[in-house]
Amino acid sequence: MAVRLCDVASLLRSGSWAPEPWTGQVIAAMETQLSNGPTCNNTSNGPSTISNNCSSPVESGSIEDSKTNLIVNYLPQNMTQEELKSLFGSIGEIESCKLVRDKITGQSLGYGFVNYVDPKDAEKAINTLNGLRLQTKTIKVSYARPSSASIRDANLYVSGLPKTMTQKELEQLFSQYGRIITSRILVDQVTGPAGVSRGVGFIRFDRRVEAEEAIKGLNCQKPPGATEPITVKFANNPSQKTSQALLSQLYQSPNRRYPGPLAQQAQRFRLDNLLNMAYGVKSRFSPMAIDGVTSLAGINIPGHAGTGWCIFVYNLAPDADESILWQMFGPFGAVTNVKVIRDFNTNKCKGFGFVTMTNYDEAAVAIASLNGYRLGDRVLQVSFKTNKTHKA
DNA sequence: TCTAATT
């Protein structure tokens, strides 16, 4: 797997300072769906959620949005709103789409919203994309709850847990205070996702008042069978720390050559990321000109400039669809688009398709890994799309 | 002792 160059610039995506307009609507009252945690095995970031049967109060709002509006969690850090829209757009027509970002740094907060036109597509997206592995993440797709102040700041940080306590036991302990949206027990880094508990975790309740009651009831209390009391408090907001760290890096960087204000540096980072997004090349790290890179590799920059590296996938089955391409290529890095070429009359796949990836190194690893891959009873041929008009 | 869940 390719290692992504990581610096401040790569953390700041272009366009971050200009939030997209969001055509917000009154969001519907609904019964929140809690039972759609990742369907795959647990990974480092796929906390499962155990639903309980507490009823939630119904708030006012339109019924339609409750069935079309999805929240998507555990998105890879480098995934853009365009990539999110592209991925979910492969299911059906999207009414609106938003990746939530830090207001100051523009960094992705790792979640977003997708509102479909058709409720059936929203349901299909949950069924087909929930649990999808993208890079190191396992995304979670679920219906968005109606936005309201009462559901904010309902996340608790719990420490001092017995090392033997399971996630299920943690939920059982807290569920008496309300509806749990997510729970997680942090584990030791080296022992991996199924490794030993660090004795700390998180509980997100549906509503803040439930979290408050849980603090009152459980802070400084010993769980059944435990020898030490646990600490229960409101969790820090993860985005706060990130923006502060980033801003302090920008101001204190010892090798900064641009003594101007923050905004001036930000401009440069934005330019770098624009190039990175467009060509998979970091201008400061690559001695090659963009034209040189593309002609050298014999690669066609497909469609509109700035969409990435186009990959040709051959020997797909007649019933192949876009989701298989997402599933195959997504783990290798940022995928912006997939397309299965179909016969106009039969609507069956003509045996090939295309995948666009943002970063050259990730595309190269994907090709190296997937060329010759056996999919069902077929052996795939995977390569960069050649520029046929220049071919001999 | 702190993960990216409400636009």
Side-chain angles (χ1 to χ4, degrees), chain A residues 11 19-30 32-34 36-38 43-49 56 59 61 65-66 68-79 81 84 95-103 105-115 130 134-161 163 167 170 179-189 193 197-208 211 228 230-246:
Chain A
L11 294 172
E20 279 76 2
W22 167 249
T23 51
Q25 291 186 345
V26 178
I27 300 182
M30 56 172 290
T32 306
Q33 174 166 340
L34 292 174
N36 60 359
T43 64
S44 58
N45 59 44
S48 66
T49 298
S56 88
E59 299 164 36
D65 264 13
S66 73
T68 57
N69 195 27
L70 303 179
I71 185 165
V72 187
N73 286 293
Y74 311 110
L75 295 168
Q77 179 57 237
N78 61 0
M79 192 168 191
Q81 180 165 292
L84 181 67
E95 191 273 329
S96 57
C97 171
K98 178 159 190 183
L99 179 70
V100 179
R101 293 182 293 208
D102 184 283
K103 281 192 175 66
T105 66
Q107 244 195 303
S108 167
L109 295 185
Y111 67 94
F113 296 88
V114 175
N115 195 11
N130 184 42
L134 291 176
Q135 296 167 251
T136 62
K137 303 287 189 178
T138 301
I139 69 170
K140 182 177 177 184
V141 184
S142 49
Y143 288 110
R145 290 174 289 162
S147 183
S148 113
S150 67
I151 67 172
R152 296 186 54 181
D153 303 315
N155 196 23
L156 296 180
Y157 176 71
V158 187
S159 56
L161 294 168
K163 297 288 200 289
Q167 185 182 14
L170 180 67
R179 168 188 287 204
I180 295 169
I181 301 300
T182 55
S183 71
R184 168 176 292 176
I185 291 177
L186 300 185
V187 296
D188 186 84
Q189 293 274 349
S197 166
R198 289 164 55 192
V200 301
F202 294 89
I203 294 281
R204 179 179 296 278
F205 278 102
D206 182 38
R207 292 181 298 145
R208 184 182 172 90
E228 299 300 322
I230 60 172
T231 301
V232 184
K233 56 168 100 167
F234 283 107
N236 298 335
N237 186 337
S239 66
Q240 303 284 348
K241 211 178 85 178
T242 310
S243 8
Q244 279 168 16
L246 274 170

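Keep in mind it's a predicted model, so treat the numbers as computed, not measured. Throughout, protein chains are lettered first and strands after them, A, B, ... in sequence-line order, and every chain is numbered starting at 1.
In this structure the side chain of A/Leu156 reaches within 4.5 angstrom of the side chain of A/Phe234, judged on heavy atoms. Inter-residue side-chain proximity for A/Met79 and A/Lys137 is flagged as unmet; no heavy-atom pair is nearer than 4.5 Å.
Going from atom CG of A/Asn236 over to atom C1' of B/dC2 covers 6 Å, rounded to whole Å. As a whole-Å value, the separation of A/Gln77 CD from B/dA5 P is 12 Å. Taking atom CG of residue A/Asn78 and atom P of nucleotide B/dA4, one finds them 15 Å apart after rounding to whole Å. Regarding A/Glu228, its CD atom lies at a distance of 15 Å from the C1' atom of B/dT1, rounded to whole Å. Taking atom CG on A/Leu170 and atom P on B/dT3, their separation rounds to 16 Å, with Å as the unit. Atom NZ in A/Lys98 sits about 11 Å away from atom C1' in B/dT6, given to the nearest Å. The nearest whole Å value for the distance from the NZ atom in A/Lys140 to the C1' atom in B/dT6 is 13 Å. Rounded to an integer number of Å, the gap from CG of A/Leu109 to P of B/dA5 is 9 Å.
Distance from the side chain of A/Phe113 is smallest to B/dT6 among B/dA4, B/dT6, B/dA5. Considering only side-chain atoms of A/Tyr74, the nucleotide from B/dT6, B/dT3, B/dA4 that sits closest is B/dA4. Counting only heavy atoms from C-beta on, A/Val100 has its side chain closest to B/dT7 among B/dT7, B/dA5, B/dA4. Closest to the side chain of A/Asn73, out of B/dT1, B/dC2, B/dA5, is B/dA5. Picking from B/dT7, B/dA4, B/dT6 the nucleotide with the shortest atom distance to the side chain of A/Gln107 gives B/dA4.
Judged by distance alone, with hydrogens and angles left aside, A/Arg152 brings no side-chain donor or acceptor close enough to the base of B/dT6 to form a pair under 3.5 Å. Evaluation of atom-type donor-acceptor distances gives no pair under 3.5 Å for the side chain of A/Ser147 against the base of B/dT6.
Under 4.0 angstrom from either OP1 or OP2 of B/dT7 there lies no side-chain N or O belonging to A/Lys103. Here A/Arg198 reaches the OP1 or OP2 of B/dC2: one of its side-chain N or O atoms lies under 4.0 Å away. Using a 4.0 Å cut-off, some side-chain N or O of A/Arg204 falls inside it from OP1 or OP2 of B/dT6.
Of the N and O atoms on the side chains of A/Gln167 and A/Ser183, at least one donor lies less than 3.5 Å from an acceptor on the other residue.
The residue A/Tyr157 sits close to a base: some heavy atom pair falls under 4.0 Å.
Residues passing the side-chain contact (heavy atoms from CB on, under 4.5 Å) test with A/Arg198 are A/Leu186, A/Val200, sequence neighbours excluded. When the side-chain contact (heavy atoms from CB on, under 4.5 Å) test is applied to A/Val100, the partners found at least two apart in sequence or on another chain are A/Leu109, A/Tyr111, A/Phe113.
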